[in-house]
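Notes follow once the structure below has been shown.
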Amino acid sequence: MLLLSGDEVISAVDLAMLAVFIPTFFFVSVTPGMCMTLAMTLGMSIGVRRSMHMMWGELIGVGLVSLASVAGVAAVMLNYPELFAILKYLGGAYLFYLGVQMWLSRGKMAIPQDLASSSETSPLTLAMQGFVTAVANPKGWAFMISLLPPFINPSLALPPQLSVLIGIILLTEFGCLLLYASGGRTLRHFLQKSGNVRMMNRIAGTLMMGVGVWLAVG
């Protein structure tokens, strides 16, 4: 995206539209959804810092969906839902499998009995989880198609407007992901006081299975 100065931002976008766009997208982003549930689950199981690997993958996916929505690619994909099917079902099945493993206190993402030990899940694996969850969500595509075009002013240059709008989307999304991951970490600390690691794994596993089902059937 283009890097714009303050004066260039003011001249590149319709400020009246921007004043409506910011609270609208914040409200939509902070509403519980697949990506936010995933962030909360990972915040509880592996902590906020390591969850950021998932977040940058999810943000790349959101950015691509946003660009494609304006370019018209999303409309084509929504008209041919079979393009989503394989990615949706495979991604959902994988997240559901991870949830089962966590529920059973197994696998690399389960919270260990020794809470000081760290997970060995690779950053790339976490990033791919976030990317697939963002890109394989038809509701996300549909929302971007309905949200972004009305905020594009045809009388102004398109690239600067996209730079500003997508920048706002990514910053807002990142803030909400951090909020949910921090909530998961707080829940972990609360349950950790009782030493009930199995309960923590079952809560995190159930949430992860829910995200998997949500992704597959959404």
Side-chain angles (χ1 to χ4, degrees), residues 1-43 48 51-52 54-79 81 84 87-88 91 129-184 207 210-211 214-215 217-218:
M1 291 185 294
L2 299 174
L3 294 178
L4 304 175
S5 67
D7 291 338
E8 288 173 327
V9 168
I10 293 175
S11 62
V13 298
D14 187 323
L15 293 182
M17 287 187 177
L18 202 61
V20 177
F21 177 80
I22 293 174
T24 298
F25 188 80
F26 174 78
F27 175 77
V28 173
S29 184
V30 79
T31 301
M34 283 190 289
C35 293
M36 297 304 153
T37 304
L38 181 61
M40 183 173 67
T41 304
L42 294 182
V48 175
S51 297
M52 288 187 182
M54 179 281 292
M55 294 180 195
W56 67 256
E58 193 266 354
L59 292 175
I60 291 174
V62 169
L64 289 176
V65 171
S66 302
L67 285 173
S69 298
V70 177
V73 176
V76 175
M77 296 185 73
L78 286 175
N79 288 328
F84 278 111
L87 186 60
K88 277 181 53 181
Q129 289 176 19
F131 180 82
V132 169
T133 303
V135 172
N137 180 13
K139 292 180 181 177
W141 289 87
F143 172 75
M144 287 299 180
I145 286 178
S146 64
L147 175 69
L148 276 178
F151 288 97
I152 299 295
N153 189 332
S155 65
L156 298 175
L158 181 60
Q161 291 186 82
L162 282 181
S163 296
V164 173
L165 293 178
I166 294 177
I168 291 171
I169 287 172
L170 296 182
L171 286 174
T172 303
E173 187 80 356
F174 179 62
C176 292
L177 288 169
L178 279 177
L179 180 65
Y180 274 81
S182 299
L207 290 171
V211 173
W214 197 350
L215 179 60
V217 304

Subject >> Partner set under side chain to side chain contact (heavy atoms under 4.5 Å, CB included) for L64, not counting sequence neighbours >> reply: I60, F131
Subject >> Partner set under side chain to side chain contact (heavy atoms under 4.5 Å, CB included) for M52, not counting sequence neighbours >> reply: V48, M55, L178
**OP:** For the residue pair V62 and M144, establish whether any side-chain heavy-atom pair is separated by less than 4.5 Å.
**Re:** yes
Subject >> Min side-chain heavy-atom separation F21-L165 under 4.5 Å >> reply: yes
About how many Å separate [atom2] of [Y] and [atom1] of [X], when rounded to the nearest 0.5 Å?
{"X": "T24", "Y": "L18", "atom1": "OG1", "atom2": "CG", "value": "10.5 Å"}
{"X": "I166", "Y": "S66", "atom1": "CD1", "atom2": "OG", "value": "5.0 Å"}
{"X": "L42", "Y": "Q129", "atom1": "CG", "atom2": "CD", "value": "6.0 Å"}

Residue pair [X] / [Y]: nearest heavy atoms and the distance that separates them:
{"X": "G43", "Y": "S51", "answer": "N-OG, 3.3 Å"}
{"X": "M54", "Y": "A39", "answer": "CE-CA, 3.6 Å"}
{"X": "L67", "Y": "L162", "answer": "CD2-CD1, 4.3 Å"}

Subject >> Donor-acceptor under 3.5 Å (Y180 side chain, T41 main chain) >> reply: no
Original post:
side-chain hydrogen bond (donor to acceptor under 3.5 Å, both in side chains): which pairs involve residues 167-179, sequence neighbours left out?
Top reply: S29-E173
